[in-house]
J.: 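There's a structure below that I have some questions on.
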Number of protein chains: 2
Amino acid sequence: MKDEKKRGRPRAFDAKATLAKARDVFWDRGFAAASLDNLSAATNLNRPSLYGAFGDKEDLYLDTLEGYRQDGMDALALALDPSLPLRDNLARVYEGALAVYLHGETAARGCLLIGTATVEAVERERVREVLGRSLSDFDGEIEKRIRLAVESGELSESADPQMLARLASAVMHSLAVRARAGDSRETLEAIARSGVELICGSARS
Amino acid sequence: MKDEKKRGRPRAFDAKATLAKARDVFWDRGFAAASLDNLSAATNLNRPSLYGAFGDKEDLYLDTLEGYRQDGMDALALALDPSLPLRDNLARVYEGALAVYLHGETAARGCLLIGTATVEAVERERVREVLGRSLSDFDGEIEKRIRLAVESGELSESADPQMLARLASAVMHSLAVRARAGDSRETLEAIARSGVELICGSARS
DNA sequence: AGAATTTAATGCGAAGTGGTACAAAATATG
DNA sequence: CATATTTTGTACCACTTCGCATTAAATTCT
(Lines give C-alpha, C1' and ligand atoms only; values in the text may rest on other atoms or scores of the structure.)
Protein backbone atom coordinates (compact mmCIF):
# COMPACT_ATOMS: atom_id res chain seq x y z
CA MET A 1 0.00 0.00 0.00
CA LYS A 2 3.02 2.24 0.22
CA ASP A 3 5.00 1.17 -2.84
CA GLU A 4 2.30 1.87 -5.40
CA LYS A 5 4.58 3.53 -7.89
CA LYS A 6 2.80 6.61 -8.99
CA ARG A 7 3.08 7.80 -12.53
CA GLY A 8 4.76 11.17 -12.69
CA ARG A 9 7.82 12.77 -11.21
CA PRO A 10 8.39 11.55 -7.66
CA ARG A 11 8.28 13.86 -4.71
CA ALA A 12 11.61 15.12 -3.48
CA PHE A 13 10.41 15.55 0.12
CA ASP A 14 8.85 13.61 2.95
CA ALA A 15 5.35 14.87 3.73
CA LYS A 16 5.56 14.05 7.41
CA ALA A 17 8.90 15.83 7.92
CA THR A 18 7.55 18.81 6.01
CA LEU A 19 4.49 18.99 8.22
CA ALA A 20 6.73 18.91 11.28
CA LYS A 21 8.71 21.89 10.01
CA ALA A 22 5.59 23.82 9.10
CA ARG A 23 4.17 23.04 12.52
CA ASP A 24 7.16 24.70 14.17
CA VAL A 25 6.54 27.89 12.23
CA PHE A 26 2.86 27.95 13.21
CA TRP A 27 3.82 27.13 16.77
CA ASP A 28 6.03 30.18 17.17
CA ARG A 29 4.16 32.72 15.06
CA GLY A 30 0.59 31.53 15.05
CA PHE A 31 -1.53 30.93 11.95
CA ALA A 32 -2.17 34.49 10.87
CA ALA A 33 1.38 35.76 11.30
CA ALA A 34 2.94 32.76 9.58
CA SER A 35 3.43 33.71 5.94
CA LEU A 36 3.74 31.30 3.07
CA ASP A 37 7.25 32.64 2.64
CA ASN A 38 8.09 31.64 6.21
CA LEU A 39 6.61 28.22 5.64
CA SER A 40 8.30 27.84 2.30
CA ALA A 41 11.69 28.72 3.77
CA ALA A 42 11.28 26.43 6.78
CA THR A 43 10.20 23.44 4.72
CA ASN A 44 12.53 24.02 1.79
CA LEU A 45 9.55 23.79 -0.48
CA ASN A 46 8.53 26.56 -2.82
CA ARG A 47 5.03 27.82 -2.53
CA PRO A 48 3.53 25.94 -5.48
CA SER A 49 4.83 22.63 -4.13
CA LEU A 50 3.44 23.42 -0.71
CA TYR A 51 0.13 24.31 -2.27
CA GLY A 52 0.05 21.23 -4.47
CA ALA A 53 0.78 18.90 -1.59
CA PHE A 54 -1.30 20.35 1.21
CA GLY A 55 -3.71 22.89 -0.23
CA ASP A 56 -3.91 26.47 0.95
CA LYS A 57 -2.55 27.89 4.18
CA GLU A 58 -5.55 26.92 6.25
CA ASP A 59 -5.49 23.36 4.92
CA LEU A 60 -1.81 23.10 5.82
CA TYR A 61 -2.46 24.49 9.26
CA LEU A 62 -5.32 22.07 9.88
CA ASP A 63 -3.04 19.21 8.82
CA THR A 64 -0.43 20.21 11.38
CA LEU A 65 -3.09 20.53 14.07
CA GLU A 66 -4.45 17.11 13.26
CA GLY A 67 -0.99 15.56 13.43
CA TYR A 68 -0.28 17.29 16.72
CA ARG A 69 -3.58 16.11 18.12
CA GLN A 70 -2.84 12.54 17.12
CA ASP A 71 0.64 12.64 18.66
CA GLY A 72 -0.84 14.06 21.82
CA MET A 73 -3.46 11.36 22.10
CA ASP A 74 -0.83 8.66 21.56
CA ALA A 75 1.36 10.13 24.31
CA LEU A 76 -1.68 10.44 26.57
CA ALA A 77 -2.62 6.78 26.12
CA LEU A 78 0.91 5.77 27.08
CA ALA A 79 1.00 8.01 30.14
CA LEU A 80 -2.34 6.67 31.36
CA ASP A 81 -1.11 3.08 31.60
CA PRO A 82 -3.76 1.57 33.91
CA SER A 83 -1.25 -0.72 35.62
CA LEU A 84 0.14 2.36 37.36
CA PRO A 85 -1.65 4.36 40.06
CA LEU A 86 -3.79 7.23 38.85
CA ARG A 87 -1.56 9.63 40.73
CA ASP A 88 1.44 8.47 38.68
CA ASN A 89 -0.60 8.61 35.51
CA LEU A 90 -1.51 12.25 35.96
CA ALA A 91 2.03 13.16 37.00
CA ARG A 92 3.28 11.55 33.80
CA VAL A 93 0.72 13.37 31.70
CA TYR A 94 1.74 16.76 33.10
CA GLU A 95 5.43 15.93 32.94
CA GLY A 96 5.15 14.96 29.30
CA ALA A 97 3.16 18.08 28.52
CA LEU A 98 5.70 20.37 30.18
CA ALA A 99 8.55 18.74 28.28
CA VAL A 100 6.79 19.80 25.09
CA TYR A 101 5.51 23.17 26.29
CA LEU A 102 8.81 24.46 27.64
CA HIS A 103 10.79 23.76 24.49
CA GLY A 104 11.13 27.03 22.60
CA GLU A 105 13.63 29.43 21.04
CA THR A 106 12.94 32.90 22.41
CA ALA A 107 10.20 31.85 24.81
CA ALA A 108 8.33 28.68 25.71
CA ARG A 109 5.87 27.62 23.02
CA GLY A 110 3.19 26.07 25.17
CA CYS A 111 0.61 23.91 23.42
CA LEU A 112 0.17 24.30 19.68
CA LEU A 113 -3.60 23.95 19.90
CA ILE A 114 -4.26 26.15 22.90
CA GLY A 115 -1.53 28.59 21.96
CA THR A 116 -2.40 29.15 18.31
CA ALA A 117 -5.73 27.54 17.41
CA THR A 118 -7.66 29.36 20.13
CA VAL A 119 -7.33 32.73 18.37
CA GLU A 120 -8.46 31.47 15.02
CA ALA A 121 -11.29 29.39 16.45
CA VAL A 122 -13.75 32.28 16.53
CA GLU A 123 -13.72 33.08 12.85
CA ARG A 124 -12.61 29.78 11.34
CA GLU A 125 -15.13 27.05 11.89
CA ARG A 126 -12.80 24.25 10.85
CA VAL A 127 -10.20 25.36 13.39
CA ARG A 128 -12.86 25.60 16.06
CA GLU A 129 -13.97 22.08 15.23
CA VAL A 130 -10.47 20.59 15.56
CA LEU A 131 -9.83 22.49 18.76
CA GLY A 132 -13.14 21.45 20.29
CA ARG A 133 -12.67 17.84 19.29
CA SER A 134 -9.11 17.80 20.61
CA LEU A 135 -10.15 19.12 23.98
CA SER A 136 -13.08 16.77 24.41
CA ASP A 137 -11.12 13.74 23.22
CA PHE A 138 -8.50 14.57 25.80
CA ASP A 139 -11.16 14.91 28.49
CA GLY A 140 -12.67 11.61 27.42
CA GLU A 141 -9.44 9.66 27.64
CA ILE A 142 -8.76 10.90 31.15
CA GLU A 143 -12.35 10.27 32.14
CA LYS A 144 -12.00 6.63 31.08
CA ARG A 145 -8.96 6.24 33.31
CA ILE A 146 -10.67 7.92 36.25
CA ARG A 147 -13.72 5.73 35.84
CA LEU A 148 -11.37 2.78 36.11
CA ALA A 149 -9.88 4.27 39.26
CA VAL A 150 -13.32 4.50 40.80
CA GLU A 151 -14.09 0.89 39.91
CA SER A 152 -10.80 -0.32 41.34
CA GLY A 153 -11.38 1.61 44.54
CA GLU A 154 -8.52 3.99 43.86
CA LEU A 155 -10.99 6.86 44.05
CA SER A 156 -14.09 7.20 46.17
CA GLU A 157 -17.40 6.00 44.74
CA SER A 158 -18.74 9.49 45.16
CA ALA A 159 -16.23 10.94 42.70
CA ASP A 160 -17.63 12.29 39.42
CA PRO A 161 -15.27 10.97 36.72
CA GLN A 162 -16.41 13.35 34.02
CA MET A 163 -15.95 16.42 36.16
CA LEU A 164 -12.65 15.27 37.65
CA ALA A 165 -11.39 14.64 34.14
CA ARG A 166 -12.43 18.10 33.01
CA LEU A 167 -10.63 19.60 35.97
CA ALA A 168 -7.52 17.56 35.24
CA SER A 169 -7.68 18.96 31.71
CA ALA A 170 -8.18 22.44 33.12
CA VAL A 171 -4.81 22.18 34.83
CA MET A 172 -3.29 21.24 31.47
CA HIS A 173 -4.92 24.22 29.78
CA SER A 174 -3.54 26.45 32.45
CA LEU A 175 -0.05 25.02 32.03
CA ALA A 176 -0.29 25.64 28.31
CA VAL A 177 -1.27 29.28 28.73
CA ARG A 178 1.16 30.00 31.55
CA ALA A 179 4.07 28.46 29.67
CA ARG A 180 3.50 30.88 26.82
CA ALA A 181 3.07 33.71 29.30
CA GLY A 182 6.62 33.11 30.50
CA ASP A 183 6.11 31.28 33.79
CA SER A 184 9.13 29.36 35.08
CA ARG A 185 9.47 25.61 34.90
CA GLU A 186 9.45 25.52 38.72
CA THR A 187 6.11 27.32 38.91
CA LEU A 188 4.56 25.09 36.29
CA GLU A 189 5.82 21.94 37.99
CA ALA A 190 4.38 23.13 41.28
CA ILE A 191 1.00 23.72 39.66
CA ALA A 192 1.11 20.27 38.10
CA ARG A 193 1.87 18.70 41.48
CA SER A 194 -1.02 20.52 43.18
CA GLY A 195 -3.26 19.49 40.32
CA VAL A 196 -2.43 15.84 40.86
CA GLU A 197 -2.95 16.28 44.58
CA LEU A 198 -6.30 17.97 44.15
CA ILE A 199 -7.68 15.34 41.78
CA CYS A 200 -6.31 12.40 43.73
CA GLY A 201 -6.96 14.01 47.09
CA SER A 202 -9.28 11.27 48.20
CA ALA A 203 -7.14 8.50 46.74
CA ARG A 204 -5.74 5.91 49.10
CA SER A 205 -2.61 4.67 47.36
CA MET B 1 -7.18 68.17 35.53
CA LYS B 2 -9.59 67.33 32.78
CA ASP B 3 -10.50 70.75 31.46
CA GLU B 4 -6.99 71.91 30.66
CA LYS B 5 -7.88 73.40 27.32
CA LYS B 6 -5.22 72.28 24.94
CA ARG B 7 -4.02 74.53 22.20
CA GLY B 8 -4.86 73.08 18.80
CA ARG B 9 -7.87 71.51 17.18
CA PRO B 10 -9.83 69.44 19.65
CA ARG B 11 -10.25 65.71 19.23
CA ALA B 12 -13.48 64.64 17.64
CA PHE B 13 -13.56 61.29 19.43
CA ASP B 14 -13.45 59.81 22.89
CA ALA B 15 -10.29 57.83 23.47
CA LYS B 16 -11.91 55.34 25.82
CA ALA B 17 -14.80 54.57 23.48
CA THR B 18 -12.35 54.19 20.62
CA LEU B 19 -10.28 51.72 22.59
CA ALA B 20 -13.41 49.72 23.36
CA LYS B 21 -14.25 49.46 19.66
CA ALA B 22 -10.70 48.51 18.73
CA ARG B 23 -10.74 45.92 21.49
CA ASP B 24 -13.75 44.22 19.93
CA VAL B 25 -11.91 43.87 16.64
CA PHE B 26 -8.87 42.34 18.32
CA TRP B 27 -11.12 40.10 20.37
CA ASP B 28 -12.72 38.50 17.33
CA ARG B 29 -9.81 38.42 14.90
CA GLY B 30 -6.72 38.41 17.09
CA PHE B 31 -3.84 40.85 16.84
CA ALA B 32 -2.20 39.59 13.68
CA ALA B 33 -5.36 39.23 11.62
CA ALA B 34 -6.76 42.59 12.67
CA SER B 35 -5.77 45.10 10.01
CA LEU B 36 -5.52 48.82 10.50
CA ASP B 37 -8.33 49.10 7.98
CA ASN B 38 -10.53 46.92 10.19
CA LEU B 39 -9.63 49.02 13.20
CA SER B 40 -10.08 52.24 11.31
CA ALA B 41 -13.54 51.20 10.14
CA ALA B 42 -14.65 50.00 13.56
CA THR B 43 -13.48 53.12 15.36
CA ASN B 44 -14.52 55.59 12.67
CA LEU B 45 -11.01 57.00 12.78
CA ASN B 46 -8.78 57.11 9.76
CA ARG B 47 -5.42 55.48 10.08
CA PRO B 48 -3.33 58.59 10.69
CA SER B 49 -5.62 59.67 13.54
CA LEU B 50 -5.41 56.23 15.05
CA TYR B 51 -1.68 56.32 14.71
CA GLY B 52 -1.38 59.78 16.16
CA ALA B 53 -3.48 58.98 19.18
CA PHE B 54 -2.28 55.50 20.10
CA GLY B 55 0.91 54.77 18.18
CA ASP B 56 1.34 51.75 15.95
CA LYS B 57 -0.79 48.62 15.90
CA GLU B 58 1.09 46.93 18.72
CA ASP B 59 0.83 50.02 20.91
CA LEU B 60 -2.90 50.14 20.30
CA TYR B 61 -3.24 46.46 21.06
CA LEU B 62 -1.28 46.79 24.30
CA ASP B 63 -3.53 49.68 25.31
CA THR B 64 -6.64 47.56 24.83
CA LEU B 65 -5.07 44.69 26.77
CA GLU B 66 -4.18 46.99 29.62
CA GLY B 67 -7.69 48.39 29.77
CA TYR B 68 -9.18 44.90 29.69
CA ARG B 69 -6.85 43.80 32.45
CA GLN B 70 -7.86 46.75 34.59
CA ASP B 71 -11.57 46.13 34.04
CA GLY B 72 -11.05 42.49 34.93
CA MET B 73 -9.25 43.29 38.14
CA ASP B 74 -12.00 45.72 39.14
CA ALA B 75 -14.67 43.11 38.53
CA LEU B 76 -12.61 40.54 40.41
CA ALA B 77 -12.29 42.76 43.46
CA LEU B 78 -16.05 43.22 43.50
CA ALA B 79 -16.76 39.52 43.15
CA LEU B 80 -14.37 38.64 45.97
CA ASP B 81 -16.27 40.71 48.56
CA PRO B 82 -14.95 39.19 51.80
CA SER B 83 -18.25 39.57 53.58
CA LEU B 84 -19.57 36.70 51.46
CA PRO B 85 -18.47 33.07 51.77
CA LEU B 86 -15.54 32.03 49.61
CA ARG B 87 -17.79 29.60 47.81
CA ASP B 88 -20.06 32.43 46.72
CA ASN B 89 -17.06 34.55 45.80
CA LEU B 90 -15.69 31.97 43.39
CA ALA B 91 -19.13 31.30 41.94
CA ARG B 92 -19.48 35.02 41.27
CA VAL B 93 -16.05 35.19 39.68
CA TYR B 94 -16.84 32.38 37.28
CA GLU B 95 -20.32 33.66 36.59
CA GLY B 96 -18.98 37.08 35.71
CA ALA B 97 -16.30 35.58 33.50
CA LEU B 98 -18.78 33.45 31.58
CA ALA B 99 -21.03 36.43 30.99
CA VAL B 100 -18.12 38.07 29.21
CA TYR B 101 -16.73 34.97 27.52
CA LEU B 102 -19.98 33.80 25.99
CA HIS B 103 -20.82 37.08 24.33
CA GLY B 104 -19.85 36.85 20.67
CA GLU B 105 -21.12 37.21 17.11
CA THR B 106 -20.33 34.02 15.22
CA ALA B 107 -18.86 32.17 18.18
CA ALA B 108 -18.06 32.88 21.82
CA ARG B 109 -15.09 35.19 22.25
CA GLY B 110 -13.65 33.82 25.46
CA CYS B 111 -11.08 35.95 27.26
CA LEU B 112 -9.31 38.67 25.30
CA LEU B 113 -5.98 37.97 26.99
CA ILE B 114 -6.02 34.20 26.87
CA GLY B 115 -7.73 34.11 23.52
CA THR B 116 -5.56 36.56 21.61
CA ALA B 117 -2.49 37.56 23.63
CA THR B 118 -1.31 34.00 24.14
CA VAL B 119 -0.36 33.58 20.48
CA GLU B 120 1.58 36.77 20.26
CA ALA B 121 3.32 36.26 23.60
CA VAL B 122 6.08 34.11 22.16
CA GLU B 123 7.49 36.63 19.74
CA ARG B 124 6.37 39.90 21.31
CA GLU B 125 7.99 40.50 24.63
CA ARG B 126 5.67 43.35 25.61
CA VAL B 127 2.61 41.18 25.03
CA ARG B 128 4.17 38.38 27.03
CA GLU B 129 4.81 40.83 29.84
CA VAL B 130 1.21 42.06 30.01
CA LEU B 131 -0.15 38.54 29.78
CA GLY B 132 2.17 37.25 32.51
CA ARG B 133 1.42 40.17 34.77
CA SER B 134 -2.33 39.82 34.20
CA LEU B 135 -2.30 36.15 35.12
CA SER B 136 -0.20 36.57 38.23
CA ASP B 137 -2.15 39.60 39.44
CA PHE B 138 -5.30 37.55 39.08
CA ASP B 139 -3.72 34.69 41.03
CA GLY B 140 -2.59 37.13 43.70
CA GLU B 141 -6.01 38.64 44.24
CA ILE B 142 -7.63 35.25 44.67
CA GLU B 143 -4.79 34.13 46.91
CA LYS B 144 -5.43 37.07 49.22
CA ARG B 145 -9.07 36.08 49.55
CA ILE B 146 -8.20 32.44 50.18
CA ARG B 147 -5.66 33.41 52.81
CA LEU B 148 -8.47 35.29 54.52
CA ALA B 149 -10.65 32.20 54.30
CA VAL B 150 -7.99 30.17 56.05
CA GLU B 151 -7.65 32.75 58.80
CA SER B 152 -11.40 32.90 59.31
CA GLY B 153 -11.60 29.14 59.52
CA GLU B 154 -13.55 28.89 56.29
CA LEU B 155 -10.81 26.69 54.89
CA SER B 156 -8.62 24.19 56.71
CA GLU B 157 -5.31 25.39 58.15
CA SER B 158 -3.55 22.84 55.98
CA ALA B 159 -4.73 24.50 52.77
CA ASP B 160 -2.07 26.13 50.61
CA PRO B 161 -3.57 29.48 49.55
CA GLN B 162 -1.12 30.12 46.73
CA MET B 163 -1.73 26.77 45.14
CA LEU B 164 -5.48 26.83 45.62
CA ALA B 165 -5.54 30.25 44.01
CA ARG B 166 -3.54 29.03 41.04
CA LEU B 167 -5.94 26.14 40.63
CA ALA B 168 -8.92 28.45 40.85
CA SER B 169 -7.29 30.48 38.08
CA ALA B 170 -6.65 27.31 36.12
CA VAL B 171 -10.39 26.70 35.98
CA MET B 172 -10.80 30.23 34.60
CA HIS B 173 -8.15 29.63 31.96
CA SER B 174 -9.92 26.47 30.96
CA LEU B 175 -13.25 28.26 30.70
CA ALA B 176 -11.62 30.88 28.50
CA VAL B 177 -10.18 28.31 26.12
CA ARG B 178 -13.26 26.10 26.05
CA ALA B 179 -15.57 29.02 25.38
CA ARG B 180 -13.60 29.86 22.24
CA ALA B 181 -13.54 26.18 21.30
CA GLY B 182 -17.31 26.25 21.15
CA ASP B 183 -18.34 24.50 24.37
CA SER B 184 -21.92 25.10 25.47
CA ARG B 185 -22.89 27.41 28.30
CA GLU B 186 -24.20 24.38 30.21
CA THR B 187 -20.85 22.59 30.02
CA LEU B 188 -18.96 25.67 31.10
CA GLU B 189 -21.30 26.31 34.01
CA ALA B 190 -20.91 22.71 35.14
CA ILE B 191 -17.11 23.05 35.06
CA ALA B 192 -17.33 26.27 37.03
CA ARG B 193 -19.49 24.57 39.66
CA SER B 194 -17.08 21.64 40.01
CA GLY B 195 -14.22 24.11 40.25
CA VAL B 196 -15.87 25.85 43.17
CA GLU B 197 -16.59 22.50 44.78
CA LEU B 198 -13.05 21.26 44.36
CA ILE B 199 -11.46 24.39 45.81
CA CYS B 200 -13.92 24.73 48.66
CA GLY B 201 -14.15 21.01 49.21
CA SER B 202 -12.92 21.22 52.75
CA ALA B 203 -14.94 24.33 53.54
CA ARG B 204 -17.47 24.12 56.34
CA SER B 205 -19.96 26.81 55.39
C1' DA C 1 -7.23 89.52 13.41
C1' DG C 2 -3.15 86.76 12.91
C1' DA C 3 0.23 83.35 14.51
C1' DA C 4 0.84 79.01 16.62
C1' DT C 5 -0.59 74.48 17.45
C1' DT C 6 -3.02 70.43 17.33
C1' DT C 7 -6.15 67.22 14.83
C1' DA C 8 -8.46 65.44 10.50
C1' DA C 9 -8.56 63.75 5.82
C1' DT C 10 -6.69 62.39 1.47
C1' DG C 11 -3.73 59.77 -0.72
C1' DC C 12 0.58 57.66 -1.62
C1' DG C 13 4.25 54.13 -1.60
C1' DA C 14 7.24 50.43 -0.65
C1' DA C 15 6.91 46.02 0.98
C1' DG C 16 4.61 41.84 1.74
C1' DT C 17 0.47 38.85 1.03
C1' DG C 18 -1.77 34.41 -0.78
C1' DG C 19 -2.26 32.15 -4.79
C1' DT C 20 -1.30 30.69 -9.74
C1' DA C 21 0.30 30.26 -14.82
C1' DC C 22 3.69 28.27 -17.24
C1' DA C 23 7.56 25.80 -18.69
C1' DA C 24 11.24 22.54 -17.41
C1' DA C 25 12.35 18.20 -15.25
C1' DA C 26 11.67 13.47 -13.74
C1' DT C 27 9.41 9.38 -13.66
C1' DA C 28 5.98 5.32 -15.38
C1' DT C 29 3.56 3.26 -19.22
C1' DG C 30 2.73 1.58 -23.92
C1' DC D 1 11.57 5.90 -27.89
C1' DA D 2 7.35 8.50 -27.48
C1' DT D 3 3.60 9.81 -24.51
C1' DA D 4 1.23 10.65 -20.38
C1' DT D 5 1.61 12.26 -15.75
C1' DT D 6 3.23 14.34 -11.79
C1' DT D 7 6.47 17.48 -9.41
C1' DT D 8 9.55 21.41 -9.43
C1' DG D 9 11.06 26.17 -10.01
C1' DT D 10 10.64 30.84 -11.83
C1' DA D 11 8.12 34.50 -12.34
C1' DC D 12 4.21 36.95 -11.84
C1' DC D 13 -0.36 38.90 -10.47
C1' DA D 14 -3.82 41.41 -8.03
C1' DC D 15 -4.48 42.73 -3.59
C1' DT D 16 -3.59 44.09 1.10
C1' DT D 17 -0.56 45.57 4.50
C1' DC D 18 1.43 49.33 7.57
C1' DG D 19 3.02 53.61 7.98
C1' DC D 20 3.74 58.39 6.61
C1' DA D 21 3.93 62.89 3.94
C1' DT D 22 1.12 66.51 2.96
C1' DT D 23 -2.57 69.51 3.05
C1' DA D 24 -6.91 71.28 5.08
C1' DA D 25 -9.55 72.35 9.25
C1' DA D 26 -10.38 73.81 14.04
C1' DT D 27 -9.06 75.70 18.09
C1' DT D 28 -6.06 78.74 21.59
C1' DC D 29 -2.82 82.39 22.47
C1' DT D 30 -0.98 87.05 21.57
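The shown structure was predicted, so the numbers you read here are calculated from the model rather than taken from an experiment. In what follows, every chain begins at residue 1, and chains take the letters A, B, ... in the order their sequences are listed.
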J.: To the nearest Å, give me how far apart NZ (K57(A)) and P (dG16(C)) are.
T.: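 Spelled out: NZ on K57(A) to P on dG16(C) is 15 Å.
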J.: Side chains of Y61(B) and V130(B), heavy atoms from C-beta outward: is any pair under 4.5 Å?
T.: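 Contact flag for Y61(B)/V130(B) side chains = no.
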J.: Could you state the atom-to-atom distance from OH of Y61(A) to C1' of dG19(C) in whole Å?
T.: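 Distance, rounded to whole Å: 20 Å.
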J.: Rounded off to whole Å, could you give me the CZ-to-C1' distance for the R29(B) and dT16(D) pair?
T.: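 That distance rounds to 12 Å.
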J.: Just wondering, do R166(B) and T187(A) contact through their side chains at under 4.5 Å, heavy atoms?
T.: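 Yes; the side chains approach each other to less than 4.5 Å.
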J.: Please report the interatomic distance CG(L39(A)) to CZ(F54(A)), rounded to the nearest 0.5 Å.
T.: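 Reported to 0.5 Å precision, the distance equals 10.5 Å.
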J.: In whole angstrom, give the distance that lies between atom CG of L45(A) and atom P of dG9(D).
T.: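 After rounding, the reported distance stands at 8 Å.
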J.: I need the CZ-P distance between F54(A) and dT7(D), as an integer number of Å.
T.: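 Taking CZ of F54(A) and P of dT7(D), I get 11 Å after rounding.
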J.: Between M172(B) and I114(B), is there a side-chain heavy-atom distance shorter than 4.5 Å?
T.: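 With C-beta onward as the side chain, the pair stays apart.
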J.: Quick one: on DNA chain C, does N44(B) or A32(A) contact a more 5' nucleotide (nearest heavy atom)?
T.: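 Looking at DNA chain C, the more 5' nearest nucleotide goes with N44(B).
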J.: Does this structure show an ion pair linking E66(A) with R23(A), if we count only N-O contacts that are shorter than 4.0 Å?
T.: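 No salt bridge links E66(A) with R23(A).
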J.: Whole angstrom is fine here: how far is it from CZ in F31(A) over to C1' in dG18(C)?
T.: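 So the CZ-C1' distance, F31(A) to dG18(C), works out to 10 Å.
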J.: With the threshold set at under 4.0 Å for non-hydrogen atoms, list the residues of residues 8-23 of chain A touching DNA chain D in residue-number order.
T.: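 Result for residues 8-23 of chain A: G8(A), R9(A), P10(A), R11(A), A12(A), F13(A), sorted by number.
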J.: Using a cut-off of 6.0 Å, state whether more than 12 heavy atoms not belonging to E125(A) lie near its atom CD.
T.: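 Count not over threshold, so no.
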J.: With a 4.5 Å heavy-atom cut-off, do Y94(A) and L188(A) have their side chains touching?
T.: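 Y94(A) vs L188(A): side chains apart.
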J.: Answer whether the closest heavy-atom distance between the side chains of R124(B) and L62(B) falls below 4.5 Å.
T.: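 Not in contact.
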J.: What's the CG-P distance between L39(A) and dG16(C), to the nearest Å?
T.: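 For the pair L39(A) CG and dG16(C) P, the rounded distance is 16 Å.
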J.: For A34(A), which contact category applies under a 4.0 Å heavy-atom criterion: base, sugar-phosphate, or nothing?
T.: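 Contact class for A34(A): sugar-phosphate only.
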J.: Check whether any side-chain nitrogen or oxygen of S49(A) sits under 4.0 Å from OP1 or OP2 of dT7(D), and answer yes or no.
T.: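 Answer is no, no contact under 4.0 Å.
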J.: Using nucleotides 11-14 of chain D, report all nitrogen or oxygen pairs with the protein that are shorter than 3.5 Å.
T.:
unit_1	atom_1	unit_2	atom_2	d
dC12(D)	N4	R47(A)	NH2	3.4

J.: Y51(B) side chain N/O closer than 4.0 Å to the phosphate oxygens (OP1, OP2) of dC18(D)?
T.: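 So the side chain of Y51(B) is outside the cut-off, no N or O lying under 4.0 Å from OP1 or OP2 of dC18(D).
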J.: By nearest atom, which of the nucleotides dT8(D), dT5(D), dC18(D) is closest to the L36(B) side chain?
T.: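 That would be dC18(D).
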J.: Between N46(A) and dT8(D), is there a contact of a side-chain N or O with OP1 or OP2 at under 4.0 Å?
T.: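 The answer is no; no side-chain N or O of N46(A) sits under 4.0 Å from OP1 or OP2.
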J.: For D37(B) and dT10(C), what is the distance between atoms CG and C1' respectively, to the nearest whole Å?
T.: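 D37(B) atom CG is separated from dT10(C) atom C1' by 14 Å.
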J.: As an exercise, state the distance from CD of E58(B) to CG of D63(B), rounded to the nearest 0.5 Å.
T.: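 Atom-to-atom, E58(B):CD and D63(B):CG are 11.5 Å apart.
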